[in-house]
Structure formats: C-alpha cells, structure tokens
There are 2 protein chains.
Amino acid sequence: MTDPGQDLQAEAGEVKVLAELFHQMADPTRLLLLMSMFSGEKCVCELAEQTDVSVSAVSHQLRSLRTARLVRSRKNGRHVFYMLDDDHVKDLVSKGLEHVRE
Amino acid sequence: MTDPGQDLQAEAGEVKVLAELFHQMADPTRLLLLMSMFSGEKCVCELAEQTDVSVSAVSHQLRSLRTARLVRSRKNGRHVFYMLDDDHVKDLVSKGLEHVRE
DNA sequence: TGAATATATGAGCAATTGCTCAAGTATTAT
DNA sequence: ATAATACTTGAGCAATTGCTCATATATTCA
C-alpha cells in the first residue's frame, strides 16, 4: 500500500538523487551484493564468492555503493566488512519483489 | 518498515527481473514520466511538456516502460494516454523518497 | 482530398557502464 | 625480511544507453 504520509511531489534535484538510488539497485551484480548483506555484514571475498564475480569487480561495485551511501564498511585486520547503511534498501527490495512476483 | 511477510531470498532469474525493474526507474527522465502519472493518465504531449524532453525522446522512453510493463497505454483519437500499470511503482517511489529525505 | 496534429520508430552518435588485467597498498604469517 | 592474503585502483575496452534527426503512420479538420 502507498504510504499516505509520504509527499509524492518532488523537486528536480530530488528526482535526480532518487534516480541515482534506483540506479545503484539496477545492476544485477550490485543488487546481489546488497541482498547478500541482508543477513548481516560480509567481507569482500565472501561477497565475491556468493555473487560469482571477481574480487576486483566486486570491489569496484562496492566503491560505487559506498559513494552513493547505500553501504558502509568496517575494517578488521586484512578484511573489510560491508553492510547496508540503513534499512531502506531492504524495504525497496521487498517492495520490488512484491511487484516482480505479481 | 520491512514487510515481514515478504521472502527476501531470490533466485538468480528473479534478481535479474528485479534489477530490470529498478533499471527502469533509474533514469531521471523515465522516473519523472512515472511520477507524472501518479495523478492519473497523461498523453504523450503532456508528458513531454511536463518533463521538458522532446516528444520523440519521451516516446522512446515510454516504449521502454511499456515493454517492461511499468505502464500501459490507451488510445483515444490521435492521443495516446499512458498510465501506471499497478501501484507498486508508486510504493517504490514513496519508499525511495523516504530514503532520499533521510 | 490535403494540411495539421499526435505519436512511433530506425539510424546514428556521444556518453556511460561494468568488466578484466596489471599494479598498488595494507595486514598477517613464517 | 619475505611471502601470502585481502583489498583497492587506474587504464582500457566492448556493450549499453538516451538523445536527436528524419521519416513514417494514424487521426482529425477544413
């Protein structure tokens, strides 16, 4: 259901930021990375394994997600753990799946 | 809040379809077109006017949105009216704006 | 019928994307 | 110190994107 408390009018600037948010979720690899983090923080090598993409490619995409503030990272020894920055992404994927599954 | 009734596990195929959904919403022009339809069906020339994009470009993007089943159209005389195919898009934009507005 | 309006579509092109590969930094282990 | 592991980063490249422009189709109007 559409949240009635949300103002659906938006300025041009807001639309661009919103498009950028969806853009981050529009690539299968990035989307899979985000979904892998639903169960908690994951290190780069785990993410690479789960998505079957090279460590380098994953690192590039994580940088993109981090710059866009969808994820944040924490360093521990030689591992870097990535996690969702907030729960909105999870909500969006949930809503998206509702649509996909009709 | 994350819908607890939604299964957040997804197969590879589902992820691709979901990415495609977000991809449609990831372009500022397409997003603006979708948002213009929140208040009801609009003809191509109205949409072009509101988004300040050429009629040709709008038509191309509407075709993309229609193929991806985010919108559907209805012909009346020489006008073609476009409308959202269901309310999920509206929900996604609403959730997205929550994120953007922190 | 012919002109005007509304929309669709294909070609072409610059910009962006997502990968690989090679090289770099940082941390731990021997 | 040297090697191994974990990750990052820049260059380069093929594929995709979103526009414009020209042209085509469909409908209404005079």
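Protein chains get the first letters and strands the later ones, always in sequence-line order, with residue 1 at the start of each.
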**Q** So which nucleotide from C:dT7, C:dC19, D:dT8 ends up closest to the side chain of A:A57?
**A** C:dC19
**Q** Do you know which two heavy atoms are closest between B:L31 and A:V15, and how far apart they sit?
**A** CD2-O, 3.6 Å
**Q** Return the polar atom pairs (N/O with N/O) between nucleotides 10-14 of chain D and the protein under 3.5 Å, or none.
**A**
| unit_1 | atom_1 | unit_2 | atom_2 | d |
| --- | --- | --- | --- | --- |
| D:dG10 | O6 | A:H60 | NE2 | 2.9 |

**Q** For the CD atom of A:Q9 and the CG atom of B:L97, what is their distance to the nearest 0.5 Å?
**A** 10.5 Å
**Q** Would you mind telling me which of D:dA6, C:dT7, D:dC19 lies closest to the side-chain atoms of A:H79?
**A**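 Comparing D:dA6, C:dT7, D:dC19 against the side chain of A:H79, the answer is D:dA6.
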**Q** To the nearest 10 degrees, how far apart in direction are the end axes of the helix from C:dT1-D:dA30 to C:dT30-D:dA1, each fit to five base pairs?
**A** 10°
**Q** Distance check: side-chain N/O of B:Y82 vs OP1/OP2 of C:dA8, anything under 4.0 Å?
**A** yes
**Q** Quick one: which of B:L18, B:D91, B:L92 gives a side chain to side chain contact (heavy atoms under 4.5 Å, CB included) with A:L92?
**A** B:L92
**Q** Base, sugar-phosphate alone, or nothing: which one does A:V55 contact when heavy atoms must sit under 4.0 Å apart?
**A** base
**Q** Would you call the rings of A:F22 and B:F22 parallel, tilted or perpendicular if under 30° counts as parallel and over 60° as perpendicular?
**A**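 Plane angle under 30°, so parallel.
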**Q** Looking only at the side chains, is there a donor atom on one of A:Q61 and A:T29 sitting less than 3.5 Å from an acceptor on the other?
**A**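 No donor-acceptor contact under 3.5 Å links the two side chains.
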**Q** Mind checking B:T29 for me? I need base, sugar-phosphate or nothing, with any heavy atom below 4.0 Å counting as a touch.
**A** sugar-phosphate
**Q** Is there any protein nitrogen or oxygen under 3.5 Å from a nitrogen or oxygen in nucleotides 26-30 of chain D, and what are the pairs?
**A**
| unit_1 | atom_1 | unit_2 | atom_2 | d |
| --- | --- | --- | --- | --- |
| D:dA26 | O3' | B:K75 | NZ | 3.1 |

**Q** Taking CG from B:L31 and C1' from D:dT17, how many angstroms apart are they, rounded to a whole number?
**A** 17 Å
**Q** How far does CE of B:M83 sit from OG of B:S39, to the nearest 0.5 angstrom?
**A** 13.0 Å
**Q** How far does NE2 of A:H79 sit from OG of A:S73, to the nearest 0.5 angstrom?
**A**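 A:H79 NE2 to A:S73 OG: 14.5 Å, rounded to 0.5 Å.
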**Q** Check this one for me: any side-chain N or O of A:Q61 less than 4.0 Å away from OP1 or OP2 of C:dC19?
**A**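 True: A:Q61 side-chain N/O within range (under 4.0 Å) of C:dC19 OP1/OP2.
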**Q** Under 4.0 angstrom, heavy atoms only, what part of the nucleic acid is A:R66 near: base, sugar-phosphate, or nothing?
**A** nothing
**Q** Within this structure, what is the CD-to-P distance between B:E46 and C:dT5, rounded to whole angstrom?
**A**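 So the CD-P distance, B:E46 to C:dT5, works out to 17 Å.
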**Q** Closest approach of A:D7 and B:R101, non-hydrogen atoms and distance?
**A**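 So the two residues come closest at O-NH1, 2.8 Å.
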**Q** Counting side-chain heavy atoms from CB outward, which of D:dT8, C:dT17, C:dA8 is closest to A:H23?
**A** C:dT17
